[in-house]
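Please read the structure below before turning to the comments.
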Amino acid sequence: MQNINFIPIDYNNFDYEGKNYFNIIGRDDKGKRISLIDNLEVYFWAIFNEGTKEKKINEISEEIAEIKIRGKNGDSKVLKTEIYEKNFLGKNYKAIKVFISNYKDAREIAKKIKFKEIFKIREYDIPYTTKYILEKKLRPLNWYEIEGSVLSDSEEFGGIQNIEVDLCLKLESFKEIKKEDFHPKVLAFDIETENFEIGKGEILMISLVGENFKKVISHRNNSHHNFFEKVKNEAELIEKFVYYVKKNSPDILTGYFSDGFDLPYIKSRAEKLKVELNLGLDNSTPKFRKGAVLTGRINGIVHLDLFKFIKTVYSQYLQSETLKLNDVAEELLGEKKHVWEFIPINKIDSDKWDEFFEYNLKDGELTYKLFQKIWADIYEFTTIIEEPLFDLSRYSMSNLVENYIIHNLDKYNEITEKKPPNESIKLRREEGKYEGAFVFQPIAGLYENLVFFDFTSMYGSIIVSFNLSKESYIEKKDKNVTEVDIGRKVYFSKDTGFFSKMLKDIIKKRKEYKKEYNKNPSPLLKARSNAFKLLSNASYGYLGFFGARYYCREAAASAAAIARSQIKTAISNIEKKGYKVVYGDTDSISFLQGNKTKKDIHDLLDEINSKLPGIMELDLEGFFKRGIWVTKRTGEFGAKKKYALLGEDDKIKIKGFETVRRDWCDLARKTQNKILELILKDGNEKRALEYLKKIINQLKRREINIKELIIRTQLKKPISNYKSISPHVSIAEKMKKIGMDVSVGTLIEYYISESNDKKSLIRERAKLPDEKGIYNMEYYLKNQILPAVENILEIFQINVNELFDGERQRGLVEYG
DNA sequence: GTACACTACATACC
DNA sequence: ACTGGTATGTAGTGTAC
């Protein structure tokens, strides 16, 4: 027997003699790598109809206990059955816990259970590792004091000793210990290749970066850099890569988009060159699961693709216009990639290779630093959701919410609902949209002294306060229900269900950790508070997501209906007090402060809050010196979701305008931005108009750099799927033709050039940024600059089209 | 041959 | 397919005159 302190990192399962076992890889507190072998009694639930007689339950239970099938890997059977009182969707039932020999056959065995008294069979579809964590409560990235028997010298489990660890134990007992600190051993990697398509062309070099470790390996050229290591060919390059991974013995091997590029590329080349890519601790090769996107798994080492985690957890907060390593690193680290122009490798001068190696190393370094930067978030999410790092880092928002629910259901004695089968997903999607948020119709104009109120976690607080969820939804009107009109009347029980309780807890924790963070700021507390915020925000979307286990369209539609009614009530209450409401969107209201004091505003807020239902809360977002709203391009109404504000700190906040849209050229965006800024700061249009005049003159004199005129549009689907060939699709076709990297998600860049044929389509005048040509002045004036500013200046009765366009061109010089 | 309505698409807001 | 609906606005496409 041996006692150690242990932190679980990676969970693997294996079969031995027809039974399922776990091999949990982690560290002890001395940094030694440990493998922990454990088994799990696997089971699922068979739930009885209400009122089934005790005798019948016992009979059926005995019958089920006899089930045997020919399973995937030999004979499989029910081991035993036990009867419990359980809850399912908030209601109490008798249920049989059906223990089986091999979890892989759970579905098949469940199919054999056919009794009219049994109305649901559940939990045969919970991933095995999730099941293990739920049952044993040996959670990822928590510390445990472990007692285990040493397996290293035994032949047990068919030679488990072949795993490259310091110690292998069979788990006997454990208890959780309080310890929050864990710094994993991390190795970042990045490759450069001859081709962008997986496996086509050689890998030219691989960089590896860890703590006090930097390496670039290549067979292509020599270098005097001390981080450089020369190998003789590509095969040896891959071997060296494996060698250094093993030598570093990382807990985590991280890359940026490495699920989709680096790892599959290496695997493909290794297969071609017949090199053993035995990265796993059991010397296995990485295994890829082909879902919508590839997922590469290495046994015992967590392969973590930073891109995926950043996409789900960070992207909505990032300002970057793409999620490419360069943009994300610049925003999060303040560091950019090196500049390297990709040219065919035979055209790289021998003295240029050093630059290429440096470029490769920098990518590795950025990836490593990015990992360290966001580790707090990954760590917090892992411990909050209680899912293994490997899976967690790849989860979508709905996966995160759902797994939080699954891992918290036992507090409510609940049996987990199943995943919707494909047929119900189809039906759910056919139900179509339901009515969503209310947006206030603004009147275009420049306003002074604005106040912004907003509801804190509005949808979440409504779901909690009105108990909206699948389990509380009732088909028929009953007593003790909440009635909501979503086009038809729907009803929800007032007996608080687990969904509302869980969400209430999430919102409460978010508040606590935010408070704690403000008192005592640390990356970990910030990450914790942020994780709960994201979970709370996503819970409403989860209710309306067709793939959710706890999907409830009625609950989602009701949350939206109540939100509409609550914001309208708040608006009318503010108006009744004599304020003029200017704008509002979903959960926010903006109105004029007028001659009232800040204290008046706070009193108003308190008064509204005293009447709000449940845990709903209205908050003061801030005061603003000025705000501008414009009309829509078509029609005289004020445009929704487009406005700009000047804060008390003189900071400008711009929403929805072309300035913040990446599919407009920089010149139009910068010009509009400057004009908004000048108008907001001056309170009139004089200087803004001067500025516009200057820019337009530059444009007409062809003094604008083509870089300012590049339009960027993302390719959202494969080129062939487009019904309508817009400029960016046409450019994408052109790029593909000349062998450039174009794939779904690529940001296509182009500019519009002059052409003799006035009638030609815009796409026919679109050119690649480095393609020769002169910019189309008329296009940039009429389709970029003027549209971006006309509705703003229209507020001051200025018609920019008359001022600056066409034959009135000469008037421009005379103006002002 | 042009004008206009409609559709497809991208991207924002919350 | 991988949380929801609301909204603006461009460019292409189709059709009426």
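Only a predicted model underlies this, so the values are computations on that prediction, with no experimental measurement involved. Lettering of chains follows the sequences in order, A, B, ..., and the numbering in each one begins at 1.
Checking Ser588(A) against Asp585(A) by side-chain atom types alone, no donor-acceptor pair falls below 3.5 Å. The closest side-chain donor-acceptor pair between Ser726(A) and Ser724(A), if any, does not fall under 3.5 angstrom. A donor-acceptor pair shorter than 3.5 Å cannot be found between the side chains of Asn537(A) and Tyr459(A).
Side-chain nitrogen and oxygen atoms of Lys641(A) include none within less than 4.0 Å of the OP1 or OP2 phosphate oxygen of dC13(B). The phosphate of dT13(C) has OP1 or OP2 within less than 4.0 Å of a side-chain N or O from Arg763(A). In terms of phosphate contacts, Lys632(A) brings a side-chain nitrogen or oxygen within less than 4.0 Å of OP1 or OP2 of dT8(C). The phosphate of dT3(C) has OP1 or OP2 within less than 4.0 Å of a side-chain N or O from Ser396(A). Here Ser398(A) reaches the OP1 or OP2 of dT3(C): one of its side-chain N or O atoms lies under 4.0 Å away. Neither OP1 nor OP2 of dA1(C) sits under 4.0 Å from any side-chain N or O of Tyr551(A). Considering only side-chain N and O atoms, His728(A) lies nowhere under 4.0 angstrom from the phosphate OP1 or OP2 of dC9(B).
Residue Ala556(A) is classed as having no contact, given no heavy-atom separation below 4.0 Å to the nucleic acid.
Separating the P atom of dA7(C) from that of dT3(C) is a span of 23 Å, rounded to the nearest Å.
Glu754(A) CD to Asn776(A) CG: the interatomic distance, rounded to the nearest 0.5 Å, is 4.0 Å.
Looking at the side chain of Ser724(A), the nearest of the listed nucleotides dG12(C), dC2(C), dA10(B) is dG12(C). In this structure, of dG9(C), dT13(C), dA11(C), it is dA11(C) that holds the atom nearest to the side chain of Ile762(A).
Judged by closest nucleotide on DNA chain C, Tyr434(A) is the one of Tyr434(A) and Asn783(A) placed further toward the 5' end.
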